[in-house]
Amino acid sequence: MAVLSRLSPSLSFGATLSSLPELLAKWWGVAAVGGGALYFITKVVYRRFFHPLAHVPGPFLPAVTRLYAWYFNVPREGKFYKEIERLHSVYGMYDRRQEGHQQEYMKANQDNETDSQMIGPIVRITPDEVHLSNTKYYDIVYGVKSDFYKDPRFYGALGIDTATFATISNDLHRRRRAALNPFFSRRKVLEMEDIVHSKVDKLCRRVSADRVTGQPTNLHAAFRAISVDTITDYAFDECWDQLDADDLGEWFSEMVRGSGPMFWTFQAFPSFRDPIQGLPESVAKRMSPAVADFLGCQVRTRQQVQVVQARIDQGIKPKRLTVFHQLLDPNASNDHVVPTVNDLVDEAFAICTAAADTTGNAMTMAAFHTVTNSAIYENVIRELREAFPDPTVELSFTELEKLPYLTGVIKEGQRLSYGVISRLPRVAPEGGAEIEGFYLPEGTVVSMSSWMMHHDPVAFPDPEVFDPTRWTDPSTFHEREKCLVSFSRGRRMCIGHNLAWCEMYLTLGTLFRRFEDLRPFEVTAEDMVYEDYFSAFNPPNKKKFKVVGGGVEDSFIHV
Ligand code: HEM
């Protein structure tokens with residue numbers, strides 16, 4: 001002690017004790033930074049070298065931080081889906097040659113590997129997530145028998161926890177979905193076909209009216225409006241009438257797109273979500289118009305659910321039973337547990353947003369390629385004329401479905417609009433999973449994406465080409481169908497797929513039967529590209545799909 005004291009008086013026992021608070025006060029900043037740096041370095045080293053996914057191919061950055069995904073989705077504007085594709089082309093190729101995994105790689109790829117497209121089957125894209133490119137894994141992760149469940153971090157960021165869409169537990173999801181299923185069955189959709197007809201008629205009148213004034217018709221917005229008007233009528237018996245608005249209700253899509261960066265940010269920083277979503281509308285408005293619109297839209301859906309609740313309480317019968325009347329009715333079925341209005345606000349919001357841009361994009365892509373390619377347009381017109389000689393009749397969904405060429409046009413529209421362009425992350429259940437020779441422990445996030453499935457060159461040769469005839473050959477139809485995953489698969493498959501088919505057939509069939517001379521207005525193929533905001537959105541600097549045609553006398557609807 002004496003020696004120590006001589007060397008450094010401040011290190012003597014008594015002096016150290018008495019000045020500890022002083023020392024801490026002096027050095028706390030350094031200690032905090034040092035501790036933080038140590039924590040950070042330990043985490044980085046763990047994630048890169050000792051994490052259960054450390055052996056999965058992929059670069060350093062996504063293995064150690066979620067900011068990699070955030071960077072491609074926020075500053076680089078919805079481009080992570082393309083970066084994932086690049087990672088597959090670089091890192092899978094490297095690992096495919098690795099000793100010990102070669103057999104699995106070759107076996108896994110033998111069915112759908114071509115010389116031109118050697119892509120790696122598995123890459124690590126965030127610290128706890130891998131992405132798969134081999135189409136054969138889709139059913140394992142998403143199929144009816146799969147026990148994989150939705151990733152809470154990813155879906156939690158949507159801020160709609162009580163909606164069926166974002167429900168994490170498979171058990172709870174089964175119960176929530178059972179209550180919704182009857183409204184979206186094929187039988188129900190056929191019963192409600194008149195709702196879609198009324199919207200399609202409105203659209204045709206709009207196209208005719210634009211011919212009178214010489215205005216182009218914004219089909220990009222109109223196709224979304226059809227979907228929003230149909231689902232709000234269907235769900236609440238209270239249509240939003242976007243088709244009547246001058247701008248065809250474009251605010252809705254702008255709102256969903258505008259809130260995209262917020263979702264990507266909440267995925268990287270989940271603790272930001274509740275404080276930001278809890279902001280009063282007036283404060284949110286000053287922060288960001290998109291966030292304010294998002295919150296405003298939630299207020300609107302809340303009011304709509306409340307109106308339905310009030311009508312049930314007052315014993316007012318709706319014109320016809322709707323989704324929310326049924327869900328709020330305590331006598332709906334024997335074991336029905338009535339959700340609260342709060343729970344249903346998430347449901348209502350999720351259903352409206354899930355319906356709009358997905359269906360809108362598919363119709364936009366199908367119609368764009370039809371009106372820009374005379375051979376396709378002529379084939380569609382010929383088929384429709386033969387099936388419906390009288391252009392003024394109301395076309396029926398079940399008759400339209402039988403038309404092979406129109407079906408090919410709609411399927412190509414779906415394929416090249418991707419449905420949900422984003423990856424759909426699922427969590428490996430108890431026991432983990434063995435994929436591509438890698439053991440992925442329970443809790444690993446595994447994802448695949450329609451972007452890569454729909455570009456698979458074996459299922460879809462020349463995948464970039466819009467070719468309806470790839471669906472007209474019965475011998476290859478079912479093989480291609482396996483790789484068309486716009487609606488996803490299994491228990492979490494889109495609940496609205498019957499309704500969406502009905503909308504797409506009736507809208508496109510009627511439009512092309514009534515208007516045979518539509519031409520694109522200014523828009524080109526370069527405008528038909530997407531950014532990933534979960535759903536696919538055209539970049540703001542790209543032109544929207546608008547059409548012009550002949551005069552009003554050339555159409556069958558006279559305004
Ligand atoms: C072409 C049109 C559509 C496409 C491509 C599409 C695509 C999808 C996809 C890929 C999913 C799964 C998402 C995931 O796993 O996270 C999904 C789920 C869902 N979609 Fe659609 N959708 C379309 C139209 C609609 C419509 C019209 C509705 C209206 C009811 C709707 C309502 C829903 C709902 C509620 C879910 C959640 C289902 C569940 O988790 O059980 N969708 N959709």
Side-chain angles (χ1 to χ4, degrees), residues 138 141-144 146 148-152 154-158 160 162-170 172-185 188-189 192 195-196 199 223-224 226-236 263 322-324 327 344 346-366 410-427 446-451 453-454 484-508 534-536:
Y138 203 87
V141 180
Y142 301 93
V144 265
S146 166
F148 282 66
Y149 55 94
K150 283 194 168 180
D151 174 18
F154 188 94
Y155 288 93
L158 296 170
I160 44 170
T162 58
T164 307
F165 193 102
T167 303
I168 304 305
S169 140
N170 284 337
L172 181 57
H173 170 262
R174 195 176 50 246
R175 274 178 274 139
R176 286 185 174 159
R177 177 134 175 170
L180 285 176
N181 271 338
F183 286 93
F184 296 101
S185 67
K188 196 76 182 172
V189 167
M192 312 273 249
I195 296 184
V196 186
K199 313 305 173 208
F223 288 150
R224 282 152 179 77
I226 284 210
S227 197
V228 173
D229 283 1
T230 302
I231 193 61
T232 48
D233 217 338
Y234 208 80
F236 313 110
F263 296 135
T322 69
V323 178
F324 288 91
L327 291 177
L344 287 184
D346 282 357
E347 195 69 271
F349 186 74
I351 287 179
C352 294
T353 46
D357 289 287
T358 46
T359 321
N361 279 334
M363 292 197 276
T364 302
M365 199 47 99
I410 296 177
K411 284 202 179 276
E412 282 295 88
Q414 286 223 322
R415 186 176 70 83
L416 291 174
S417 61
Y418 312 103
V420 172
I421 199 167
S422 181
R423 67 196 200 272
L424 301 177
R426 301 290 189 263
V427 181
V446 181
S447 53
M448 295 184 74
S449 50
S450 59
W451 169 259
M453 294 286 288
H454 293 184
L484 185 73
V485 293
S486 322
F487 292 113
S488 189
R489 291 262 168 73
R491 299 189 257 211
R492 306 308 296 255
M493 180 184 178
C494 175
I495 202 168
H497 67 107
N498 288 315
L499 180 60
W501 282 120
C502 179
E503 287 177 31
M504 292 186 288
Y505 272 104
L506 289 183
T507 308
L508 295 175
F534 191 62
S535 217

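Note that the coordinates shown come from a computational prediction; the quantities given were computed from them, not determined experimentally. Both ligands and their constituent atoms are indexed starting at 1 by order of listing.
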Asker: Quick one: does Gln414 get an N or O within less than 3.5 Å of an N or O on ligand 1?
Answerer: no
Asker: With a cut-off of 4.0 Å, which atoms of ligand 1 are near a heavy atom of Thr164?
Answerer: 40 (O), 41 (O)
Asker: Using atom types as modelled and distance alone, determine if a side-chain donor or acceptor of Tyr234 lies under 3.5 Å from a backbone N or O of Ile195.
Answerer: no
Asker: Any idea which part of Thr358 is under 4.0 Å from ligand 1, heavy-atom wise: side chain, backbone, both or neither?
Answerer: both
Asker: Is there a polar contact, in the sense of an N or O pair closer than 3.5 Å, between His173 and ligand 1?
Answerer: yes
Asker: With a cut-off of 2.8 Å, does Cys494 place any N/O/S atom under that distance from atom 21 (Fe) of ligand 1?
Answerer: yes
Asker: Any chance you could lay out the side-chain contact (heavy atoms from CB on, under 4.5 Å) test for Thr232 and Cys352, step after step, and finish with the verdict?
Answerer: CA-CA 7 Å; Thr232 48; Cys352 294; 4.1 Å; yes
Asker: Please report the closest heavy-atom contact between Lys188 and Pro182, naming both atoms and the distance.
Answerer: CB-O, 3.4 Å
Asker: Can you tell me if Ser486 has a non-hydrogen atom under 4.0 Å from ligand 1?
Answerer: yes
Asker: Among all protein non-hydrogen atoms, which one is nearest to atom 30 (C) of ligand 1, and what is the separation to 0.1 Å?
Answerer: Phe184 CE2, 3.3 Å
Asker: Has ligand 1 got any nitrogen or oxygen that is less than 3.5 angstrom from a nitrogen or oxygen of Ser488?
Answerer: no
Asker: Do Lys150 and Arg426 touch side chain to side chain, with heavy atoms closer than 4.5 Å?
Answerer: yes
Asker: State if Glu347 counts as touching ligand 1 under the rule of any non-hydrogen atom under 4.0 Å.
Answerer: no
Asker: For atom 32 (C) of ligand 1, grab the closest protein heavy atom and report residue, atom and distance to one decimal in Å.
Answerer: Ala354 CB, 3.6 Å
Asker: Relative to the heavy atoms of Gly419, which atoms of ligand 1 are at a distance of less than 4.0 Å?
Answerer: 5 (C)
Asker: Enumerate the atoms of ligand 1 whose separation from the nearest heavy atom of Lys150 is less than 4.0 angstrom.
Answerer: 14 (C), 15 (O), 16 (O), 40 (O)
Asker: Go through the side-chain N and O atoms of Asp346 and Thr162 and say whether any donor and acceptor fall under 3.5 Å apart.
Answerer: yes
Asker: Between ligand 1 and Arg177, is the shortest N or O to N or O distance under 3.5 Å?
Answerer: yes
Asker: Would you check if there is a donor-acceptor pair between the side chains of Ser488 and Tyr138 at a distance under 3.5 Å?
Answerer: yes
Asker: Short question: side chain of Ser449, backbone of Arg423 - any donor-acceptor pair under 3.5 Å?
Answerer: no
Asker: Going by the angle between their ring planes, with limits at 30° and 60°, are Tyr155 and Phe534 parallel, tilted or perpendicular?
Answerer: perpendicular
Asker: List the closest protein heavy-atom neighbour of atom 36 (C) of ligand 1: residue, atom name, distance to the nearest 0.1 Å.
Answerer: Phe165 CD1, 3.4 Å
Asker: Looking at side-chain heavy atoms only, is the closest gap between Met448 and Leu424 below 4.5 Å?
Answerer: no
Asker: Is Arg176 reaching over with its side chain to a backbone N or O of Phe165, donor-acceptor style, under 3.5 angstrom?
Answerer: no
Asker: What heavy-atom pair brings Lys199 and Ile226 nearest, and what distance separates the two atoms?
Answerer: O-CD1, 4.1 Å
Asker: Specify the protein heavy atom at minimum distance from atom 34 (C) of ligand 1: its residue, its atom name, and the distance to 0.1 Å.
Answerer: Ile495 CG2, 3.7 Å
Asker: State, with a plain yes or no, whether a side-chain heavy atom of His173 is found less than 4.5 Å away from one of Thr164.
Answerer: yes
Asker: When you look for heavy atoms under 4.0 Å from ligand 1, do you find them on the side chain of Tyr142, its backbone, both, or neither?
Answerer: neither
Asker: Students should be able to answer this: which protein heavy-atom is nearest to atom 12 (C) of ligand 1, and at what distance?
Answerer: Arg492 O, 3.6 Å
Asker: Report yes or no: does a heavy atom of Arg426 sit under 4.0 Å from some atom of ligand 1?
Answerer: yes
Asker: At less than 4.0 angstrom from any non-hydrogen atom of Tyr155, what atoms of ligand 1 do you find?
Answerer: 14 (C), 15 (O), 16 (O)
Asker: Just jot down the ligand 1 atoms closer than 4.0 angstrom to any heavy atom of Ala355, in number order.
Answerer: 25 (C), 26 (C), 27 (C), 28 (C), 29 (C)
Asker: Distance under 4.0 Å to a non-hydrogen atom of Ile231: what atoms of ligand 1 satisfy this?
Answerer: 29 (C), 30 (C)
Asker: Where is the tightest heavy-atom contact between Ser227 and Thr359, given as atom of each residue plus distance?
Answerer: OG-OG1, 3.4 Å
Asker: Determine, using ring centers only, whether Phe487 and Phe184 are less than 6.0 Å apart.
Answerer: no
Asker: Under 4.0 Å from a heavy atom of Ile351: which atoms of ligand 1 are those, numbered in the order shown and with their elements?
Answerer: 30 (C)
Asker: For ligand 1, which atoms, with element, lie under 4.0 Å from some heavy atom of Val420?
Answerer: 9 (C), 10 (C)
